Amino acid sequence: MARDSSATKARLLDAAFSEFAAYGIAGARVDRIAEAAQANKRLIYVYYGNKEQLFDAVLQRALETGSESVPFDAEDLPGYVGAVFDHLVARPDLMRLVQWKQLERPGITEAEAESYRGKLAAVERAQAAGLIDPGLDPADLLTLVMGLAQAWTGAAGVAASDGTAPEGAASDGTASDSAMPGDTPAVGTPAVGTPAVATPAGGPAVAWSPDRLARHRETVVESVRRLIRPA
């Protein structure tokens with residue numbers, strides 16, 4: 001019985017991840033989550049209380065999975081930022097989930113605050129060891145590093161200065177068939193052209209070509225390498 005309960009919870013969390021990434025908290029529907037998970041809707045309330053608490057559980061699991069997949073490494077920040085970049089390229093739905101969280105549930109949890117404090121302490125140790133410029137404020141450095149790792153997700157839906165669609169996009173603003181394949185998109189997102197970023201505001205999902213992503217990644221990694229270089 002316990003095994004069945006764990007399997008049901010896992011299916012609910014997986015289905016809720018896709019639903020929340022596509023629609024946010026306000027737009028998500030527990031009926032769709034239960035149907036996708038092949039579970040009784042009542043179990044959502046039994047296991048998680050309400051829709052907001054379910055969202056919190058989904059986000060917490062996603063962040064824990066990300067931390068396990070890409071452990072923070074203050075001794076190799078260029079390598080870390082590259083790994084974060086790769087993780088987000090493979091999971092554009094995760095970035096959408098985080099964006100919905102920032103819009104609908106601003107603020108940080110105690111678990112997030114604890115994780116952040118641990119990163120600050122690791123950066124300070126790396127500075128003391130001479131691996132990072134000691135003149136940099138650890139909090140500012142973390143903000144810059146994470147901003148660089150995520151920058152492509154915001155730029156992906158922006159048209160070029162001449163008004164044309166970005167590289168890899170079809171003329172109607174949707175992702176092109178020739179774009180890089182990836183994970184199955186979440187509900188409500190294009191079926192082709194990943195990584196494709198659809199903003200919570202409802203903007204078009206637009207894919208980047210593999211070459212463009214590679215160039216951007218290289219620039220991000222090199223930027224962090226130069227940023228932290230001791231004087």
Side-chain angles (χ1 to χ4, degrees), residues 12-30 32-33 48-72 77 80-81 83-120 123 137-159 166 182-183 185-190 194-208 213 216 220 223-224:
L12 284 170
L13 289 174
D14 288 341
F17 182 99
S18 294
E19 180 76 8
F20 286 130
Y23 301 105
I25 300 174
R29 295 291 178 265
V30 293
R32 286 196 297 252
I33 294 172
Y48 302 105
N50 56 44
K51 188 167 65 170
E52 288 74 18
Q53 290 172 310
L54 175 60
F55 179 87
D56 291 341
V58 167
L59 181 64
Q60 182 62 30
R61 187 180 74 154
L63 295 177
E64 288 175 353
T65 300
S67 296
E68 293 171 359
S69 301
V70 189
F72 183 70
L77 278 182
Y80 171 73
V81 76
V84 171
F85 184 95
D86 294 339
H87 184 70
L88 294 179
V89 165
R91 295 299 308 274
D93 49 357
L94 174 59
M95 199 63 232
R96 288 196 300 273
L97 188 74
V98 171
Q99 289 171 338
W100 280 118
K101 191 268 184 186
Q102 293 169 343
L103 284 171
E104 298 185 288
R105 290 178 75 79
I108 61 173
T109 65
E110 178 54 36
E112 291 171 323
E114 182 179 354
S115 174
Y116 183 71
R117 288 191 292 267
K119 289 181 174 67
L120 288 178
V123 169
D137 180 273
D140 290 345
L141 178 59
L142 282 178
T143 299
L144 288 168
V145 167
M146 295 311 299
L148 285 167
Q150 301 171 18
W152 69 273
T153 64
V158 179
D183 293 344
V187 175
T189 61
T194 51
V197 177
T199 66
V206 178
W208 281 24
L213 278 169
H216 192 87
V220 166
S223 296
V224 172

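Sequential numbering from 1 along the given sequence is applied to the chain's residues. Predicted, not measured: the structure shown is a model, and the values here were computed from it.
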Asks: Show, in sequence, the C-alpha distance, side-chain angles and deciding distance for H87 and L94, and conclude whether the side-chain contact (heavy atoms from CB on, under 4.5 Å) test is met.
Replies: CA-CA 9 Å; H87 184 70; L94 174 59; 3.7 Å; yes

Asks: Could you tell me the separation between the CG atom of D137 and the CG atom of L144, rounded to the nearest 0.5 Å?
Replies: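 The CG atom of D137 sits 10.0 Å away from the CG atom of L144.
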
Asks: Before giving the answer on side-chain contact (heavy atoms from CB on, under 4.5 Å), spell out for L77 and F72 the whole-Å C-alpha distance, their side-chain angles and the decisive distance to 0.1 Å.
Replies: CA-CA 8 Å; L77 278 182; F72 183 70; 3.9 Å; yes

Asks: So L142 and Y116, do their side chains get closer than 4.5 Å, heavy atoms only?
Replies: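 Yes, at least one pair of side-chain atoms sits under 4.5 Å.
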
Asks: Can you check whether A111's main-chain N or O pairs, donor with acceptor, with S115's side chain at less than 3.5 Å?
Replies: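 Judged by distance alone, no pair lies under 3.5 Å.
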
Asks: Working to the nearest 0.5 angstrom, can you tell me the gap between L59 CG and E112 CD?
Replies: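 These two atoms lie 6.0 Å from each other.
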
Asks: Do K51 side-chain atoms and A28 backbone N/O form a donor-acceptor pair below 3.5 Å?
Replies: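 Here the side-chain-to-backbone pair exists.
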
Asks: For A21 and D93, work out which heavy atoms get closest and say how close.
Replies: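 Closest heavy-atom pair between A21 and D93: CB-O, 3.6 Å.
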
Asks: Could you tell me whether the side chain of L213 reaches within less than 4.5 Å of the side chain of F85, counting heavy atoms only?
Replies: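 Of all side-chain heavy-atom pairs linking L213 with F85, at least one is under 4.5 Å.
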
Asks: Would you check if V84 and V145 make a side-chain contact, meaning some heavy-atom pair closer than 4.5 Å?
Replies: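 No; the side chains remain at least 4.5 Å from each other.
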
Asks: Nearest 0.5 angstrom please: L97 CG to F17 CZ, how far?
Replies: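 Rounded to the nearest 0.5 Å, the CG-CZ separation comes out at 5.0 Å.
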
Asks: Applying side-chain contact (heavy atoms from CB on, under 4.5 Å), run through Q60 and D56 and close with a yes or a no.
Replies: CA-CA 6 Å; Q60 182 62 30; D56 291 341; over 6 Å; no

Asks: Any side-chain to backbone donor/acceptor pair from Q53 onto N50? Under 3.5 Å, distance only.
Replies: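 Pair found, side chain donor or acceptor close to backbone of N50.
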
Asks: Taking the side chain from E52 and the backbone from I25, do they hold a donor-acceptor pair closer than 3.5 Å?
Replies: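 Not a single qualifying donor-acceptor pair exists.
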
Asks: Could you tell me if the side chain of R61 sits less than 4.5 Å from the side chain of D14, heavy atoms only?
Replies: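 Touching, per the 4.5 Å side-chain cut-off.
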
Asks: Is there a side-chain contact between Y48 and L13 (heavy atoms, below 4.5 Å)?
Replies: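 With C-beta onward as the side chain, the pair touches.
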
Asks: Check whether any side-chain heavy atom of Y23 sits under 4.5 Å from a side-chain heavy atom of R32, and report yes or no.
Replies: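 A side-chain contact exists here, since the closest heavy-atom pair is under 4.5 Å.
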
Asks: Hey, are the side chains of F20 and K101 touching, using non-hydrogen atoms and a 4.5 Å cut-off?
Replies: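 Not in contact.
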
Asks: With rounding to the nearest 0.5 Å, note down the distance linking CG in L148 to NE2 in H216.
Replies: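 NE2 of H216 is found 7.5 Å from CG of L148.
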
